[in-house]
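Below: the structure, in structure tokens.
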Number of protein chains: 2
Amino acid sequence: MDTKSLQLFSHLAQTLHFGRTSEAFHMSPSTLSRHIKQIENEIGHVLFNRDNRSVQLTIEGERFNQYALESLSQWRNFRRSLTTSGEQLVGEISLYCSVTASYSFLYDILSEFRGLHPKIEMKLHTGDPAPALARVMEGHEDIAIAARPNNLPSSMAFKRIAISPLVFIAPNDVNAAQSLGVSMSADSKINWNQVPMILSEEGISRSRVDQWFRQRNAKPKIYAQVSGNEAIVSMVSLGFGIGVVPKIVIDNSPLIDKVSIMDLQPELEAYDVGLFTLKKNLATPIIKAFWQQINR
Amino acid sequence: MDTKSLQLFSHLAQTLHFGRTSEAFHMSPSTLSRHIKQIENEIGHVLFNRDNRSVQLTIEGERFNQYALESLSQWRNFRRSLTTSGEQLVGEISLYCSVTASYSFLYDILSEFRGLHPKIEMKLHTGDPAPALARVMEGHEDIAIAARPNNLPSSMAFKRIAISPLVFIAPNDVNAAQSLGVSMSADSKINWNQVPMILSEEGISRSRVDQWFRQRNAKPKIYAQVSGNEAIVSMVSLGFGIGVVPKIVIDNSPLIDKVSIMDLQPELEAYDVGLFTLKKNLATPIIKAFWQQINR
DNA sequence: TAGATATGTTGCAATAAATGATATATATTT
DNA sequence: AAATATATATCATTTATTGCAACATATCTA
């Protein structure tokens, strides 16, 4: 039995919904399903009665939930007792991350850290992902959450949080799509030299798009260069052109049903989202504490 | 953090000796070392001060040990509370296993089970491994610990405990070895038709040896057919011939320094040691409880 | 002081486990 | 009856774990 399983279980015991719990933990429903089954197997009792439409705790499940909550609480207490025993860590960390990352990961990362180190203040800056690394390199920020570039400076430490594919998006409205020269059907019929594109001004996503066009001996007709993925989604949804953003941006966007992902080959190389800091920063107790906090 | 890690840690905190703890858990020292390092990494503190000659708990290590012992105790309590809540399981299980298995695995398996189900009596039969499966098939025993044959009857359930290679052993004494026609140097110089062999009468080890000889177009000159691996080791150590036994038998034998393992190619297929029972037996609560107890 | 021994760690190749995408089964709603 | 929602099974792929052997270093022995 491990802490992760206990967390999964107790969350599911609250939601009684595999889909929502798996989403909360950034994993697929099937993975969650197998986790639960493995717990049940280890314990030797069924913990949830689930037909395909509802999930209910069994008697043993309620017992186990009691145990799980207590056990998790003790674990957190132990962690806290360790950190508060010596000198309580005091200070501040400046963290730079994109708006998208702040939606999807920040809460998970910060909530646990905060419990552990309440005396450490977090200065959070959100903005365009492109300059994130430079800001860390130049010492403006301690840590950044961003996509990993192909060539990582050797002075930089990186810790992956998630992988998200980089996708082309088109307006969902059929008329708008056709007026852009993009019938949703066949890639081969699209003249990429004439499709108006909405792209980042700089950064990883931009350089990968440029590379993609070079591979096709095409040159993007740039309708607008925008700073920030969320703005790209907005413009695309309004029918101004085709955009390229990490899929995770779509998933968290309120405009999710206004745009649709295009199925193109070859796919763009996926975004490798994670934490960055200068390796030398890891010698600092505060930064080190933050770094280790991220569950592997 | 998981139960296994806590167990490893607290055992090491007692012994303060990587070698002994790793042995107790049937794993290599390197595996243990990396387990500990991973715990330290997750917690963010060094738990043991270890130079290459001594191991000592740090302050944080002692703290963690307190936590670990308490946490493990609560886990056991929870398990017990589940099983004792309904009707306490009462009854008996008959278990058949080889002498070797009784040395190496039985204690681990039974000690935990006994704590969980004190009202279940264990009837233990030790003997030659060869007939173990048949005895279960025929209903004389509920469960057997033995090596997995190549063709497992579909009515049989199997759960692996360990893998042990099947090895040729020769007497360690140089004179004895040479008089058997086996200079320890080169396999190719050995005339396998003339080397006196000491083999099991039947069973997996025997059939794998026969197959090995057939591959070489040789026929074993059988000096003696013996029942029980321990007897084979005895006869080999006395210089009567060459034997074939699972390595685990050697490791647990008092004669370990009287025999030596021969380096031959191709190697015999390894022993796959584990638990057997009839699948239909797993419907029985008592058998099921035992089966699930075995840590995966 | 030099060699032998004990002991924890690291590199590497092989094995085992975990994961997500997809397909499937079935209950509920429309 | 068709569409939708939801948990699970299957499969290919990725990731993690493991043991062996080599290594480094501390202690013991002569």
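Quick note on labels: first sequence line is chain A, next is B, and so on, each numbered from 1. Being a predicted model, the structure only gives us computed values, none of them experimental.
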By nearest-nucleotide position on DNA chain C, the 5'-leaning member of B:Thr31 and B:Arg20 is B:Arg20
Can you identify which nucleotide, out of C:dG8, C:dA16, D:dG19, has its nearest atom closest to the B:Ser28 side chain?
D:dG19
Short side-chain N/O contact to [N] OP1/OP2 from [X], under 4.0 Å:
| X | N | result |
| --- | --- | --- |
| A:His35 | C:dA18 | no |
| A:His17 | D:dA5 | no |
| B:Arg34 | D:dT17 | no |
| B:Ser33 | C:dT9 | yes |

Counting only distance, no hydrogens or angles, is the base of C:dA21 paired donor-acceptor with the side chain of A:Ser30 under 3.5 Å?
yes
Figure out the [atom1]/[atom2] separation between [X] and [N], and round it to whole Å.
| X | N | atom1 | atom2 | value |
| --- | --- | --- | --- | --- |
| B:Lys37 | D:dT17 | NZ | P | 13 Å |
| B:Asn49 | D:dT25 | CG | P | 18 Å |
| A:Phe25 | C:dA18 | CZ | P | 18 Å |

Do the charged groups of A:Lys4 and B:Glu42 touch, with an N to O distance under 4.0 Å?
no
Would you say CD1 of A:Ile59 has more than 12 non-hydrogen atoms from neighbouring residues, nucleotides or ligands within 6.0 angstrom?
no
